[in-house]
Amino acid sequence: MKSKSKVRCLALAAAIILTGCKSYNEADIKTTEFFAMDTYISISAYGSNGKEAEKALDNCRKEIKSLDSQFSVTNADSEVSRINGSKGQGISLSNDADKILTSALELSEKTKGALDISLYPIVREWGFTTGEYKIPSKETLAELLKNTGYEKISCKDNFLTMPEEFMIDLGAVAKGYGSDRAIQILKEKGITSALVNLGGNIALLGSKPDGSDWSVGVQDPFGDGYACVVKASDKYIVTSGNYQRYFEEGGKRYCHIIDPETGCPVDNGLASVTVIGDSGIICDGLSTALFVMGEQGAADFWREQGDFEMIIVTEDKRVLATEGIFGDCSGAELGGVIKIEK
């Protein structure tokens, strides 16, 4: 069995970002790099007050590492593990856990269950959290599916209840929440231009210091280049794809994104979905949900909601972009970008 785990950096390389900042001295650009949330993280802040930028970056690093320890499903001491060990008893939540769970459950309702945080036992059974990959039997999946369903989880006033056999996983929204918190910290320190990269989960604070948009590359799922490049400012840009974490058996790829209805890895002709919007946690969760929905379902959901933009890359190598971001997409290496219209 062949396995592969990838986390692709979506932001164009620092050299390109810095090229657009010639009016700034290198001393005005502060960067912190570290590992957390099972990925490589880089945060760059731009400004004339170097000490404040350094302090902001240090606070961001501490906050993200703290959130990692809280929300890691494989950390026996995490708050998520405490929740998963509650055995049907109600449990008090920290403020962060209450916020992330409330947002995740609201998004699950909005997407009619395409996002479901109760799938951890199934994800674990496939081996995506342990690295011990296997294809579960239909009987095993049927039994595990009996103890899933976001609608059976209640989170209100920092208090959570869920059925005894339930277990949750916040992996689909944790990085998004972390990027939201990082942007909040940077703003509180007076930073007006920054780029946060949580393993390809991108948050853009303001524009580049010269006033131009940031250039962000959407990963080519079939190679090391970019499917297209997006120009944006003050946005979150998050991608979910079948190339990020998967294993192969019998010539077939099994990705880590699970269909809540079948308990099997999604296999619907999509290679990746990128969401561009105003909230990190929403973009993070939506990118997973839209991937589960498939091309038509994702397009229909966007037409209904209209409060985000989206780029889809299909297995047959088409690149599709919603009309609000279409004009800011360029350099598609897989061919021309196709517009998704209302």
Side-chain angles (χ1 to χ4, degrees), residues 9-34 37 39-64 67 103 175-218 226 228-239 274-284 286-287 307-311 321-322 324-331:
C9 174
L10 295 183
L12 291 179
I16 296 178
I17 294 169
L18 298 184
T19 298
C21 308
K22 292 181 179 179
S23 61
Y24 270 58
N25 297 321
E26 286 192 12
D28 296 326
I29 304 167
K30 303 298 181 183
T31 300
T32 183
E33 299 175 343
F34 56 97
M37 294 186 168
T39 193
Y40 172 81
I41 294 172
S42 173
I43 306 175
S44 296
Y46 303 76
S48 56
N49 191 332
K51 289 185 178 180
E52 282 301 302
E54 288 180 348
K55 187 182 297 184
L57 293 177
D58 186 54
N59 289 347
C60 287
R61 180 181 58 79
K62 290 176 180 177
E63 177 70 6
I64 291 172
L67 294 175
S103 294
K175 290 187 183 71
Y177 184 74
S179 66
D180 281 332
R181 288 290 297 122
I183 292 295
Q184 182 180 348
I185 289 169
L186 291 165
K187 286 181 176 179
E188 289 171 352
K189 289 295 182 182
I191 304 300
T192 58
S193 180
L195 183 143
V196 179
N197 181 357
L198 276 72
N201 188 317
I202 304 299
L204 307 172
L205 175 56
S207 58
K208 290 193 293 186
D210 63 2
S212 63
D213 286 333
W214 303 94
S215 293
V216 179
V218 175
Y226 297 98
C228 66
V229 177
V230 178
K231 290 188 178 297
S233 294
D234 251 336
K235 294 291 182 183
Y236 295 83
I237 303 176
V238 183
T239 299
T274 299
V275 177
I276 301 98
D278 300 320
S279 162
I281 191 170
I282 297 302
C283 288
D284 202 4
L286 262 186
S287 67
D307 55 356
F308 66 94
E309 301 298 336
M310 171 180 68
I311 297 169
T322 52
I325 198 69
F326 177 80
D328 295 315
C329 293
S330 63

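Everything numeric here is computed off the predicted structure, so don't read it as measured data.
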Hits for salt bridge (charged side-chain N to carboxylate O under 4.0 Å, His left out) against Lys55, two or more places apart or cross-chain, chain-then-number order -> Glu52
Asp234: partners by salt bridge (charged side-chain N to carboxylate O under 4.0 Å, His left out), with sequence neighbours left out:
none
May I ask you to test the [X]-[Y] pair for a side-chain heavy-atom distance under 4.5 Å?
X: Ile183; Y: Tyr236; value: yes
X: Ile64; Y: Ile41; value: yes
X: Met310; Y: Ile276; value: no
X: Thr239; Y: Ser287; value: no

Flag for Asp213-Ser207: side-chain donor and acceptor within less than 3.5 Å
no
Smallest separation among heavy atoms of Ile43 and Cys60, with atom names:
CD1-CB, 3.7 Å
Could you report the tightest heavy-atom contact between Val238 and Gly280, atom names first, then the distance?
CG2-O, 4.5 Å
Provide the full list of salt bridge (charged side-chain N to carboxylate O under 4.0 Å, His left out) pairs with a residue in residues 183-203, sequence neighbours left out, each pair given once.
none
Do Asp278 and Lys235 sit within salt-bridge range, that is, some charged N less than 4.0 Å from a carboxylate O?
yes
Any donor and acceptor pair, going by atom type alone, linking the side chain of Asp328 with main-chain N or O of Val230 inside 3.5 Å?
no
